[in-house]
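I have placed the structure first, in the form of structure tokens, so that the comments after it can refer back to it.
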Amino acid sequence: MERRGVSLDSTSLEGVSRELTDLLGEIESRAEDAAGIRVNLRSPSQVSSVLFDHLGLPRIGRTGKGAASSDATVLQALAGLHPFVGLVAEHREISKLISTYVGKLPSFVSPVTGLIHTSFNQAVTATGRLSSSDPNLQNIPIRTERGREIRRCFGAPRAGDVLVSADYSQIELRVLAHLAGGGALRRAYREDADIHSRTALAVFGSSSPEHRRKAKEINFSIIYGVSAHGLAQRLGVDRGTASGIINRYFAAYPEVDAYFRSCVAETESRGETRTILGRRRLFRNLASARGNTRKSMERMAVNTTVQGSAADLMKLAMIRAADRLDREVPEAGLVLQVHDEIVASCPPGRAEDVAGILRESMEGAYRLEVPLRVETGWGENWLEAHG
DNA sequence: CCGCCGTGCCAC
DNA sequence: AAACGTGGCACGGCGG
Ligand SMILES: Nc1nc2c(ncn2[C@H]2C[C@H](O)[C@@H](COP(=O)(O)OP(=O)(O)OP(=O)(O)O)O2)c(=O)[nH]1
Ligand SMILES: [Mn+2]
Ligand SMILES: [Mn+2]
């Protein structure tokens with residue numbers, strides 16, 4: 001994957017850059033008008049002094065060091081109190097896209113190949129996932145419309161080829177259903193349910209793509225131990241409402257709560273946890289940990305077991321997919337891995353075959369108590385293939 | 001000039 | 001920000 005590389009449409013990216021840069025300048029001048037004072041919006045300390053000293057807005061949250069925070073959740077809570085708040089939020093969105101992606105990615109294009117060659121690090125994460133660096137191609141934007149314009153600029157390494165994407169459906173929830181013993185979650189997946197959509201419908205009354213995406217965050221935050229307070233802030237509802245959502249979740253899937261406790265107990269007694277394929281992560285001081293430190297380690301232990309097992313499956317799938325492509329579609333090859341997604345490239349006429357091979361490799365990676373499902377797509381660029 | 005820390009935010 | 005987790009990275013601020 002590293003050697004094969006991925007192409008970046010620098011011309012289109014240049015267009016995105018000009019639009020975002022213009023927009024950012026507009027935001028900066030409007031923000032200074034709103035604040036009535038000169039301010040560098042890239043400086044959290046300057047933004048905080050405008051928000052909380054100059055404008056006198058309430059301090060809502062604190063940073064790790066105890067200073068007043070101005071992060072996105074705080075800005076969300078302050079929205080409507082002063083026009084400066086929304087301008088800071090918008091500035092953060094646009095400046096992030098420029099500084100991390102639009103302004104940086106072109107410098108990673110190799111003068112030799114004309115492609116971007118990331119590093120996929122195999123011994124960095126604590127759970128067995130890969131990571132990607134220089135540049136990180138596992139966090140290319142997709143959430144906002146402006147971000148999607150960036151994703152649209154990624155294409156197959158060979159001109160004329162297409163990208164083929166295959167992404168596991170609800171992967172860690174399926175792994176959890178496997179690990180958590182018989183129950184409603186396992187039954188749901190045997191009936192091919194979409195729990196993300198189910199949660200979206202229950203919480204928002206809609207399963208639109210945006211609501212499903214938010215429901216995903218709700219589902220994973222709940223299974224990994226979110227507090228009513230934390231969920232309330234994420235959803236913008238009061239603690240009572242959030243508490244009700246969590247309680248209904250565990251009432252519907254009591255085996256999830258039971259698994260959390262049993263996983264913690266086993267990790268404590270063995271001093272380690274193991275994934276489905278036997279990858280170990282040590283938790284030698286869980287047994288002696290107390291208070292918030294212990295709670296935090298408990299969440300890490302459960303997450304490691306599930307996330308690490310999902311990473312196991314993905315690695316098996318990649319071995320099989322690479323081998324089959326080699327034999328069956330030699331003009332195709334793996335290009336990227338994004339935790340539960342494989343991106344390959346091939347001539348357009350072979351896209352359907354390649355998608356089938358990726359699907360079979362991933363769905364058949366390992367037999368679980370629930371079926372594994374994969375969504376595939378292809379197109380000229382990554383957004384078309386994945387989106 | 002360089003490296004570190006704190007803060008913040010992108011993705012899964 | 002907070003009792004979801006796993007990452008990488010940019011910037012400002014500061015000190016060597
Ligand atoms: N703890 C935690 N894990 C997450 C979060 N977002 C994603 N993940 C993990 C769990 C997911 O199963 C896995 C793959 O992410 P995806 O975006 O592909 O979501 P998922 O496969 O669950 O749903 P999908 O059917 O592909 O839309 O990454 C999160 O906010 N918190
Ligand atoms: Mn997925
Ligand atoms: Mn995915």
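Numbered from 1 within each chain, the chains take letters A, B, ... in sequence-line order.
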Given atom CZ of A/F283 and atom C1' of C/dG5, what is their separation to the nearest angstrom?
10 Å
Taking the side chain of A/Q233 as its heavy atoms from C-beta onward, which of C/dA2, C/dC9, C/dG7 lies nearest to it?
C/dA2
Base, sugar-phosphate alone, or nothing: which one does A/S132 contact when heavy atoms must sit under 4.0 Å apart?
sugar-phosphate
End axis versus end axis in the helix from B/dC1-C/dG16 to B/dC12-C/dG5, the angle rounded to 10°, five pairs used at each terminus:
10°
On a whole-Å scale, what distance lies between the P atoms belonging to C/dA3 and B/dT7?
16 Å
Counting just side-chain N and O atoms, does A/S227 come under 4.0 Å of either OP1 or OP2 of C/dC4?
yes
Salt bridge (charged side-chain N to carboxylate O under 4.0 Å, His left out) between A/R324 and A/E360, intermediate numbers included
CA-CA 10 Å; A/R324 282 195 61 188; A/E360 290 167 14; 2.7 Å; yes
Taking atom types as modelled, find out whether A/T63 and A/S69 have a side-chain donor-acceptor pair closer than 3.5 angstrom.
no
Would you list the protein and nucleotides 14-16 of chain C atom pairs, both N or O, that sit under 3.5 Å from each other?
none

A/A232 near the nucleic acid: base, sugar-phosphate alone, or nothing, with a heavy-atom cut-off under 4.0 Å?
nothing
Which part of the nucleic acid does A/R239 contact within heavy-atom distance under 4.0 Å: base, sugar-phosphate only, or nothing?
nothing
What orientation do A/H211 and A/F204 show, parallel under 30°, tilted 30 to 60°, or perpendicular over 60°?
parallel
Provide, to the nearest angstrom, the distance between the CG atom belonging to A/L176 and the P atom belonging to C/dC4.
18 Å
For DNA chain C, which residues of residues 34-42 of chain A approach it to below 4.0 angstrom with any heavy atom?
A/N40, A/R42
Residue pair A/S165 / A/E341, side-chain donor-acceptor N/O under 3.5 Å
yes
Let me know the distance between CG of A/L105 and C1' of C/dC9, rounded to the nearest Å.
12 Å
Could you go through the salt bridge (charged side-chain N to carboxylate O under 4.0 Å, His left out) check for A/R350 and A/D353 one step at a time?
CA-CA 5 Å; A/R350 303 306 305 275; A/D353 297 332; 2.9 Å; yes
Begin from the C-alpha positions of A/E272 and A/R274 and carry the test salt bridge (charged side-chain N to carboxylate O under 4.0 Å, His left out) through to its verdict.
CA-CA 7 Å; A/E272 65 180 48; A/R274 289 178 181 243; 3.0 Å; yes
At 4.0 Å (heavy atoms only), tell me whether A/V124 reaches a base, stays on the sugar-phosphate, or touches nothing.
sugar-phosphate
Separation of atom CD1 in A/I98 from atom C1' in C/dC11, rounded to whole Å
14 Å
A/H91 NE2 to C/dA10 P, in whole Å, measures 17 Å
Just to be sure I understand the geometry, which residues of residues 15-23 of chain A put a non-hydrogen atom under 4.0 Å away from DNA chain B?
none
Here the distance between atom C1' of C/dG5 and atom CZ of A/R234, to the nearest Å, is 10 Å
Return a single string for nucleotides 6-12 of chain B, one symbol per nucleotide in 5' to 3' order, where B is base contact, S is sugar-phosphate-only contact and - is none, cutoff 4.0 angstrom on heavy atoms.
SSBBBSB
Do we see a donor-acceptor contact under 3.5 Å between the side chains of A/N121 and A/S131?
yes
Would you measure the distance from the P atom in C/dA2 across to the matching atom in C/dT6 and give it in whole Å?
15 Å
Short side-chain donor-acceptor distance under 3.5 Å, A/S95 and A/R42:
no
Side chains of A/T241 and A/D238: any donor to acceptor distance under 3.5 Å?
yes
Interatomic distance, A/I60 CD1 vs C/dA2 C1' [rounded to whole Å]:
12 Å
Ignoring hydrogens and angles, tell me if any N or O in the side chain of A/R186 forms a donor-acceptor pair with the backbone of A/E369 under 3.5 Å.
no
For A/Q76, I'd like to know if atom CD has over 12 heavy atoms of other residues, nucleotides or ligands within 6.0 Å.
no
Looking only at side-chain N and O atoms, does A/Q233 offer a donor or acceptor that is under 3.5 Å from a partner on A/T73?
no
Are there more than 12 heavy atoms of other residues, nucleotides or ligands under 6.0 Å from atom CZ of A/R284?
yes
At less than 4.0 Å, is any side-chain N or O atom of A/R299 found next to OP1 or OP2 of C/dA3? Yes or no.
no
Using the benzene-type ring in the case of Trp, are the ring centres of A/H54 and A/F84 under 6.0 Å apart?
no
Quick test of your reading of the model: are A/E217 and A/R213 salt-bridged, counting only N-O distances below 4.0 Å?
no
With A/T304 as partner, the option from A/R299, A/R279, A/R281, A/R280 fulfilling side-chain contact (heavy atoms from CB on, under 4.5 Å) is A/R281
Does the pair A/E2/A/R4 count as a salt bridge with the N-to-O cut at 4.0 Å?
no
Under a plain distance cut-off of 3.5 Å, with no hydrogens placed, do A/R59 and A/S70 share a side-chain donor-acceptor pair?
no
Let me know, please, whether A/K104 or A/S43 comes out on the 5' side of the other along DNA chain C by nearest nucleotide.
A/K104
Are A/T127 and C/dT6 close enough that a side-chain N or O sits under 4.0 Å from OP1 or OP2?
no
Whole angstrom is fine here: how far is it from CG in A/L137 over to C1' in C/dG7?
14 Å
So which heavy atom on A/V162 is nearest to which on A/A351, and how close?
CG2-CB, 3.9 Å
Contact check, residues 245-277 of chain A vs DNA chain B, heavy-atom distance under 4.0 Å, returns none
